[in-house]
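Encoded as structure tokens, the structure appears first; notes follow it.
Every chain is numbered from 1 and lettered A, B, ... according to where its sequence line falls, protein lines coming before strand lines.
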Amino acid sequence: AQSVTQLGSHVSVSEGALVLLRCNYSSSVPPYLFWYVQYPNQGLQLLLKYTSAATLVKGINGFEAEFKKSETSFHLTKPSAHMSDAAEYFCAVSYRGGGNKLTFGTGTQLKVEL
Amino acid sequence: GAVVSQHPSRVICKSGTSVKIECRSLDFQATTMFWYRQFPKQSLMLMATSNEGSKATYEQGVEKDKFLINHASLTLSTLTVTSAHPEDSSFYICSARGAATDTQYFGPGTRLTVL
């Protein structure tokens, strides 16, 4: 069984500050990990994914995430927040041979303040 | 690339009627499509997985006779909510995956309101 825990349902940062959104996973087999962003009343857009290649993954819009097996984490970061980054962020896990079913975390609402 | 569309984006219907939602992969062949529902301020819950030409596999607790899924071609899947009731009001999102990728690409969602 797989699960994802996103610590912090709401995160608030100042524009220009570091963004850190936390994701910890539980999986009995090597995982595939994803970060998606959702803007209000829209579907999900893929930010980045880890599928057992490089542990530091760079995505769109300046986001990146690092897979740390020892910590079972896949935290999402961005060096400098922009107002347009305000959205809901979801971490998700799947695994090879699992039918590509995604298990989502509960989401983190990012607020960016001036 | 990897664009998925949904139609309609919003639908309001009366209780007891049926509603069909379409999900299309516009620039790739989707061997597998997934249907999710999302309640306000909550995460996505997988309802069912459909492979082209096969019957859909429903998650536990999802009524297959109420949520009819058809995946007749490699670019189109439909979800029909039969005899809709107010408790079926939700945001329904589909995703699609091609044969050579582990990534799901999501549609923009359909907001269903049942009066």
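When hydrophobic clusters are built by joining Ile, Leu, Val, Met, Phe, Trp and Tyr residues whose side-chain heavy atoms come closer than 4.5 Å, directly or via intermediates, A/Leu48 is grouped together with A/Val93. Grouping the Ile, Leu, Val, Met, Phe, Trp and Tyr side chains by contacts below 4.5 angstrom, directly or via other members, places A/Val112 with A/Val19. Taking hydrophobic clusters as Ile, Leu, Val, Met, Phe, Trp and Tyr residues chained together by side-chain heavy-atom distances below 4.5 Å, A/Tyr50 does not share a cluster with A/Tyr32. A/Phe74 is connected to A/Val4 through a chain of hydrophobic side-chain contacts under 4.5 Å among Ile, Leu, Val, Met, Phe, Trp and Tyr, so both are in one cluster. Hydrophobic clustering, with ILVMFWY side chains joined whenever heavy atoms are under 4.5 angstrom apart, groups A/Trp35 together with A/Ile60.
Heavy-atom minimum distance, B/Glu59 versus A/Lys101: OE2-NZ, 2.8 Å.
Judged purely by atom type and a 3.5 angstrom limit, B/Ser43 has no side-chain atom pairing as donor or acceptor with the backbone of A/Gly107.
For a residue to count as touching a neighbouring chain, one of its non-hydrogen atoms must lie under 4.5 Å from one of that chain's; by this rule B/Leu44 touches chain A with backbone and side chain alike. Contact annotation for A/Phe104: both backbone and side-chain heavy atoms come within less than 4.5 Å of a heavy atom of chain B. Heavy-atom distances place the side chain of A/Gln38, and not its backbone, under 4.5 Å from chain B. Only the side chain of A/Leu46 has a heavy atom closer than 4.5 Å to any heavy atom of chain B. Residue A/Tyr36 touches chain B through its side chain alone, counting heavy-atom pairs closer than 4.5 Å. Contacts of B/Ser95 with chain A are absent, with no heavy-atom separation under 4.5 Å from either backbone or side chain.
Here the side chains of B/Tyr36 and A/Leu44 are not in contact, with every heavy-atom distance at 4.5 Å or above.
For B/Lys66, the NZ atom is densely surrounded, since the number of other residues' heavy atoms within 6.0 Å is greater than 12.
The most heavy-atom pairs under 4.5 Å with chain A, out of B/Arg111, B/Met45, B/Gln38, B/Gln42, come from B/Gln38.
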